[in-house]
2 protein chains.
Amino acid sequence: MTVMESAPVTAPAKPRNCAGLRSGPRRADGQDQYTISEVVGLTGLSAHTLRWYERIGLMPHVDRTHTGQRRFSNRDLDWLDLVSKLRLTGMPVADMVRYAELVREGPATFAARERLLTAHREDVRQRINELRDTLDVLDYKINLYADARLGSEE
Amino acid sequence: MTVMESAPVTAPAKPRNCAGLRSGPRRADGQDQYTISEVVGLTGLSAHTLRWYERIGLMPHVDRTHTGQRRFSNRDLDWLDLVSKLRLTGMPVADMVRYAELVREGPATFAARERLLTAHREDVRQRINELRDTLDVLDYKINLYADARLGSEE
DNA sequence: CCCTTGCTTGGAGTGCACTCCAGCTCTCTA
DNA sequence: TAGAGAGCTGGAGTGCACTCCAAGCAAGGG
């Protein structure tokens, strides 16, 4: 666990696109009540997947109307943004469920959460390096084909 | 398809670790005859996976002994390195089979192969950007937890 | 000669992450 | 008051990429 850039413990800037994929027209906190199909439009996840995430414990309890329909909040949307990012970077659903459990257990689990995210960050860094290696190989091969094409043209 | 670094069409340098994962003690071309378990050690793929790759047409015809046992060559090892890299970067097996077919069809398919690899390269670049975005989010969250820890320590 | 080790095969099984289905309720509009 | 449309549930189904199994050869050592 190399500590290359030990970030200063000063006010961490919120990353730009923390808001996520296509989280466009959000409502103000207080009247943030999204139906499941609105959340589909906002997150790109399917309604099936949203219900499934809730079933397996990957959502922090979604509000319901008196008739039992889900009403998602801005907090839920933020959570789904994080979940989508973690999924996109290959974190297994089981690990995300574990993280969600830690969140439910409150501030006592801060250290465990930090460890979990730090481990995943290492994974992501390694994946980036793998991808860059492959990029080199792809560049090399593509150049070979391009050369062959140019060579046969004249 | 942004052409950020349009590589010059001059002698493309073979990328360093083109040799791949753990391709250690290779034999010289000519007496390159590896059993399946040697290839397991060399590539990290399982014997099951190697046989399965051959079955689905992802291997360019592996030699056999008179008793029917596989004997892999250095060329096969090179191919497996490429395949492993492509898999690691998320290319579906079906696409790799398609590429293998193109290779079998000979030089007439150079252009198609180039297109296939170029498309995948774009995918890889996009994946890298996604991973970097997530890295920002992870840094942000980890800092929050670290701050909370430091704050409660004093 | 037997036993172990390593390899062979076709086909079945596994794990993950969804994805869909059937049958139901509720609300809204005409 | 009828019908459309959105949402609900538990459970079954899907697709991918392996992964394993059972049964059977072949070679080498004791």
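Numbers restart at 1 for each chain; the letters A, B, ... are given by sequence-line order, proteins then strands.
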Check every strand shown and say whether [X] touches a base, only sugar-phosphate, or nothing at a heavy-atom separation below 4.0 Å.
{"X": "B/Ser46", "answer": "nothing"}
{"X": "A/Arg64", "answer": "sugar-phosphate"}
{"X": "A/Arg70", "answer": "sugar-phosphate"}
{"X": "B/Thr35", "answer": "sugar-phosphate"}

Candidates [options] - which lies nearest the side chain of [X]:
{"X": "A/His48", "options": "C/dC21, D/dA26, C/dA17", "value": "C/dC21"}
{"X": "B/Ser37", "options": "D/dC21, C/dA17, C/dG6", "value": "C/dG6"}
{"X": "A/Gln69", "options": "C/dT19, C/dA17, D/dC8", "value": "D/dC8"}
{"X": "B/Ile36", "options": "C/dA17, D/dC20, C/dC7", "value": "C/dC7"}
{"X": "B/His66", "options": "D/dC18, C/dC18, D/dA27", "value": "D/dA27"}

Pair of N/O donor and acceptor under 3.5 Å linking C/dG10 base with B/Arg51 side chain:
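Absent.
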
At less than 3.5 Å, do the side-chain atoms of A/Arg71 and the base atoms of D/dG7 form a donor-acceptor pair?
no

Using OP1 and OP2 only, check whether a side-chain N or O of B/Arg55 sits under 4.0 Å from C/dT9.
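False: B/Arg55 side-chain N/O out of range (4.0 Å or more) of C/dT9 OP1/OP2.
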
Below 4.0 Å: OP1/OP2 of D/dA17 and any side-chain N or O of B/Tyr53
no

Is a salt bridge present between B/Glu54 and B/Arg51, judged by a nitrogen-to-oxygen distance below 4.0 Å?
no

Between [N] ([atom2]) and [X] ([atom1]): distance, integer Å:
{"X": "A/Glu54", "N": "D/dG10", "atom1": "CD", "atom2": "P", "answer": "10 Å"}
{"X": "B/Met91", "N": "D/dC16", "atom1": "CE", "atom2": "P", "answer": "16 Å"}
{"X": "A/Leu50", "N": "C/dA17", "atom1": "CG", "atom2": "P", "answer": "16 Å"}
{"X": "B/Arg87", "N": "D/dC16", "atom1": "CZ", "atom2": "C1'", "answer": "9 Å"}
{"X": "A/Glu38", "N": "D/dG5", "atom1": "CD", "atom2": "C1'", "answer": "15 Å"}
{"X": "A/Trp52", "N": "C/dC16", "atom1": "CH2", "atom2": "P", "answer": "10 Å"}
{"X": "B/Asp63", "N": "C/dC7", "atom1": "CG", "atom2": "C1'", "answer": "16 Å"}
{"X": "A/Asp95", "N": "C/dC16", "atom1": "CG", "atom2": "P", "answer": "11 Å"}

Plane angle bin for A/Tyr145 and B/Tyr99 - parallel if under 30°, tilted between 30 and 60°, otherwise perpendicular:
perpendicular

Residue pair A/Gly68/B/Met96 against DNA chain D: nearer the 5' end by closest nucleotide is A/Gly68

Under 3.5 Å donor-acceptor, B/Ser84 side chain and B/Leu80 backbone
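Yes.
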
Treating A/Thr89 as the side-chain partner and A/Lys85 as the backbone partner, does any N or O pair qualify as donor plus acceptor under 3.5 Å?
yes

Regarding B/Tyr34 and B/Asn74, do their side chains bring together a donor and an acceptor under 3.5 Å, going by distance alone?
yes

Within a radius of less than 6.0 Å around CZ of A/Arg104, do more than 12 heavy atoms belonging to other residues, nucleotides or ligands occur?
yes

